[in-house]
Structures are given as C-alpha cells and as structure tokens.
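Here is the structure we will look at.
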Amino acid sequence: MKTVSICFVCLGNICRSPTAEAVMRAQVEAAGLSKRIFIDSAGTGDWHVGKAPDARAQQAGHARGYQLAPLRARQVSADDFRRFDLLLAMDEANVENLRRICPPALRDRVRLLLEFAPHLGHREVADPYFGGSEGFEAVLDQCEAACQGLLAHLQTQLAREDDDA
Ligand code: 4NP
C-alpha cells in the first residue's frame, strides 16, 4: 500500500508549522489514514531547535483539541527534500529559503500550504510570534481549512496510486 510523507515548514517551527502538524494529524486520524500519511514539521531557522511549541500556540491548539505539547522544533535539512513528497511552507519567505537549498529536480515538492485553501483568498499564513492571541486563532483557522483541502488532495492521490498498483 502506497504512503505519502508531508512536512510543514515555517521560520521557527514553534508557532505555525507545529500547529499545522497537529491539525493535520487530527484530520488524518479521523479519516483513518494514519498509516498512509506521514506528517512532520520543521523550521528554516535554528533558533528554537529542541524547544516545545510556543506556549500561546499550545494553548490555542489545546482549546480546539489539538496536542502540540509533545512536539519539538527542528531545522529543515537537505535530506528532507528526498524524505518528503511535499514541503508545505507557511509564507513566501519560507518558500524562498527552501528553494535555495532544494535540489533543482525536487523543487516541485515545495508548495505554499494555503494553495490548498484557495477560497480563503490568502497566500500566506501570517507569523503570529510578535502579535497577540488573535494571530494564533487565525493560524488555526487557516490550518484547519488548508489541511482539509490538503487531505482531500492526498486522498485522491493515494486512491489513484492504489488503482495503478
Ligand atoms: P513560526 O514563528 O515561524 O511560526 O514558528 C516564529 C517563531 C519565532 C520567531 C519568528 C517566528 N523568532 O523570531 O524567534
């Protein structure tokens, strides 16, 4: 049975990408696809490596039933472009940083997360780090919508690969 691996990417890996990871994990579990969709997250920067998600992200996520506490920040590595079928960046700066270190043949693997929620009318998940709690709620809203679109996309892809097998 085919599997797919995805990695959410932001700058610090303590606010947006761990939130997306926890939201996607919950949606994938609810869809019964935990054994077929592997989920991770990483940051383009190294300032917070080894740290748990930002307390505000943990709190906002917990209030909606998502578990961020066990996650630990790590930095993107060159190996991630081979390991993951999709690297889902939160903003254009993340895309630029990823493409700079990505092997040219694997560039298509780098996408913006909000491509999977075109109805929102935004390309970027705004960085909530220097703002108030409303920023973390906005991140959750955007991640919930985009992960739904992403999950539907992956379900279609997995079904097509099952048919081809
Ligand atoms: P994230 O947010 O990229 O969503 O994890 C940030 C976390 C930390 C910093 C910036 C953004 N920082 O400047 O330390």
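Both ligands and their constituent atoms are indexed starting at 1 by order of listing. Throughout, residue positions are numbered sequentially from 1 according to the sequence presented. Hydrogens, waters and symmetry mates play no part in the numbers below; they use all other heavy atoms, side chains included.
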Please walk me through it: do Leu114 and Arg123 pass side-chain contact (heavy atoms from CB on, under 4.5 Å)? CA-CA 5 Å; Leu114 291 191; Arg123 285 179 62 76; 5.7 Å; no
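At under 3.5 Å, not a single nitrogen or oxygen of Trp47, backbone or side chain, sits near a nitrogen or oxygen of ligand 1. Here's the thing with Cys15: one of its N/O atoms is less than 3.5 angstrom from an N/O atom of ligand 1. Taking only nitrogen or oxygen atoms, main chain and side chain alike, Ser17 does not reach within less than 3.5 Å of ligand 1.
Ion pair Arg160/Asp163 not flagged as a salt bridge, since none of the NZ, NE, NH1 or NH2 atoms sits closer than 4.0 Å to an Asp/Glu carboxylate oxygen. Taking a cutoff of 4.0 Å between a charged side-chain nitrogen and a carboxylate oxygen, Arg36 and Asp162 qualify as a salt bridge.
For ligand 1, the atoms sitting less than 4.0 Å from at least one non-hydrogen atom of Gly12 are 1 (P), 3 (O), 5 (O), numbered in the order shown with element in parentheses. Less than 4.0 angstrom separates some heavy atom of Cys10 from each of these atoms of ligand 1: 1 (P), 3 (O), 4 (O), 5 (O).
Looking at Leu11 against ligand 1, both its backbone and its side chain come within 4.0 Å, counting heavy atoms.
No hydrogens or angles considered: a donor-acceptor pair under 3.5 Å links the side chains of Tyr66 and Glu144. Asn94 and Asp91 are linked by a side-chain donor-acceptor pair at a separation below 3.5 angstrom, with hydrogens and angles left out of the test.
Cation-pi contact between Arg56 and Tyr129: present, with separation from the ring centre below 6.0 Å and deviation from the ring axis of at most 45°.
The closest non-hydrogen atom to atom 13 (O) of ligand 1, taken over Phe136, Phe8, Phe130, comes from Phe130.
Nearest protein heavy-atom neighbour of atom 9 (C) of ligand 1: Tyr129 CD2, 3.5 Å.
Residue contact check for ligand 1: Met90 places no non-hydrogen atom closer than 4.0 Å to it.
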